[in-house]
Amino acid sequence: MTDELSTRAVHAGEPRGPGSPSSPAIHTATALESFDDPGALGDPEALAFVYGRHGNETWSALEAVLGDLEHARGLVFASGLAASFSLLMALTEDRARLLVPQEGYWGFRELAQMLTSRGIETVAVDGADFASVEVELSRGPAVLWGESPTNPTLRVLDLRGLARLAGRHGARFVVDNTTATAALQQPLDLGADASVYSLTKASSGHSDVLLGAVTTRDTTLFERVRAWRNNAGGIAGPFEAWVALRGLRTLPLRIERQSKNALEIAEHLRRHPRVRTVHYPGFDPSTAALASAQMPLGSGPLLSFELDGDGAAAKRVVAASRIIRAATSFGGIESSWERRARWRGESAPPSLIRLSVGIEDVQDLKADIDAALLAH
Ligand SMILES: *Cc1c(COP(=O)(O)O)cnc(C)c1O
């Protein structure tokens, strides 16, 4: 019998038995004693414990949990984008077309754009529009990069449907699962070849570490991604891995509370006279059933809303909160918000505020929001 995810998050990878520590050590050694000829160390598992760029026991402790949460194997990286980069390099070894989400993480779309001069053709697609995705998939071997819920308008895409489309056209399918996290959404079960994460967000959850990860059940892909990590060197620091592991242990607990708070606030905002629209997974009737099937345990910490006003009004509201921090990033235990249109290249409407809901008392948060909305 397999334990439930919240149990596995707490116990996965832990050593048991007399003298075994309840928390892993932070291993900082860059070289480990070894007598074999490194040339003979064909096995990457063996090589991992010879030199620090190839492996580290503190990463392994974190990777054991990341892998376990998705019944897969995990690889940890210096950041979400370092993870995305190595995964992208591995997947484009035998294909040169990349379909990126039209509404997807800005940094990744910039990275993809930078790679066009290296022969990778990048096309932005709307993952909700299957017909146009299919047209692009039929143009040659591709990598389809998905992100759901989208950010910042929290649209829910049919990941199982996209995986089928990709499969039919011989494409590889990746899901950036940063927003939902493995606690709410399991892309590999829905047919993705790999999940990619910025652990910087809700997975670590305390806004104190930059880190990323790739998870996959495909052994060949795993080894290619690891080879890119080994040789491109986007490795995690042992301390950062330790901090992220500490956070990951409480992910199911945090995300449950954050989802509950976020839903209550989203419903509150929906009734608010100064709010024009609220975006939250499950709110759009056309994808409500899909949202509850794909993310059955909750819709996550992130929501966004458009004020009945202009960008300047949204700026005043963001600046007026007492509890909610005015900051980018999301997924932490502390609530934060920002006006998205302040970012270059962001297509969000001028009055859209993205709110990441934390674990504070929800009545306090609602009172803070109501008071800030008076600045409108
Ligand atoms: C933040 C983020 C990234 C990039 O992660 P870093 O850890 O900042 O490199 C990638 N994808 C999504 C969806 C993100 O939110």
Side-chain angles (χ1 to χ4, degrees), residues 59 62 66 74-89 98 100-115 122 124 127 143-157 159 174-185 187 192 194-215 225 228-229 232-237 239-241 243-245 247-248 251 255 258 262 279 281 295 299-304 327-332 336-338 340 343 345-348 354-357:
W59 306 347
L62 172 59
L66 289 166
L75 286 163
V76 61
F77 288 84
S79 67
L81 277 185
S84 302
F85 178 72
S86 280
L87 178 58
L88 185 58
M89 289 296 103
L98 172 64
V100 298
Q102 226 164 48
E103 188 190 10
Y105 187 67
W106 167 248
F108 180 73
R109 286 185 293 142
E110 274 217 324
L111 168 66
Q113 218 47 56
M114 288 168 75
L115 291 169
T122 297
V143 175
L144 176 61
W145 205 272
E147 195 179 316
S148 178
T150 65
N151 184 351
T153 66
L154 287 309
R155 290 187 304 146
V156 178
L157 306 181
L159 296 179
V174 171
V175 174
D176 184 329
N177 202 31
T178 298
T179 304
T181 78
L184 297 180
Q185 181 168 271
S195 304
V196 64
Y197 293 93
S198 168
L199 302 179
T200 312
K201 316 292 167 53
S203 292
S204 68
H206 296 262
S207 309
D208 53 9
V209 68
L210 269 149
L211 224 58
V214 172
T215 56
V225 176
W228 274 97
R229 183 179 69 179
I235 59 162
F239 176 68
E240 284 74 7
V243 170
L245 172 58
L248 200 59
L251 169 66
I255 213 84
Q258 287 174 277
H279 306 283
M295 299 166 69
S299 289
L302 208 56
L303 63 96
S304 63
T328 194
S329 200
F330 59 90
S336 64
W337 63 5
E338 68 170 333
R340 281 304 293 178
W343 291 95
E346 173 62 84
S347 55
R354 188 183 71 187
L355 168 61
S356 174
V357 180

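Counting starts at 1 for both ligands and their atoms, in listed order. Numbering starts at 1 and runs along the sequence shown. What's counted below: heavy atoms across the whole structure, side chains too, no hydrogens, waters or symmetry copies.
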Of the options Val174, Thr178, Thr215, which is the one that meets Val196 in a side chain to side chain contact (heavy atoms under 4.5 Å, CB included)? Val174
For ligand 1, what N or O to protein N or O distances fall under 3.5 Å?
{"from": "ligand 1", "atom 1": "5 (O)", "to": "Ser198", "atom 2": "OG", "distance (Å)": "3.0"}
{"from": "ligand 1", "atom 1": "7 (O)", "to": "Gly80", "atom 2": "N", "distance (Å)": "2.8"}
{"from": "ligand 1", "atom 1": "7 (O)", "to": "Ser198", "atom 2": "OG", "distance (Å)": "2.8"}
{"from": "ligand 1", "atom 1": "7 (O)", "to": "Thr200", "atom 2": "OG1", "distance (Å)": "2.7"}
{"from": "ligand 1", "atom 1": "9 (O)", "to": "Gly80", "atom 2": "N", "distance (Å)": "3.0"}
{"from": "ligand 1", "atom 1": "9 (O)", "to": "Leu81", "atom 2": "N", "distance (Å)": "2.9"}
{"from": "ligand 1", "atom 1": "11 (N)", "to": "Asp176", "atom 2": "OD2", "distance (Å)": "2.7"}
{"from": "ligand 1", "atom 1": "15 (O)", "to": "Lys201", "atom 2": "NZ", "distance (Å)": "2.7"}

For residues Glu103 and Thr153, is any side-chain donor paired with an opposing acceptor at under 3.5 Å? yes
Can a side-chain donor-acceptor contact be found between Asn151 and Arg354 if the only test is distance below 3.5 angstrom? yes
CH2 (Trp106) with more than 12 external heavy atoms under 6.0 Å: yes
According to the interplanar angle, ranging from 0 to 90°, do the rings of Trp145 and Phe108 count as parallel (below 30°), tilted (30 to 60°) or perpendicular (above 60°)? parallel
In this structure, which one of Leu211, Ile235, Val214 forms a side chain to side chain contact (heavy atoms under 4.5 Å, CB included) with Phe77? Val214
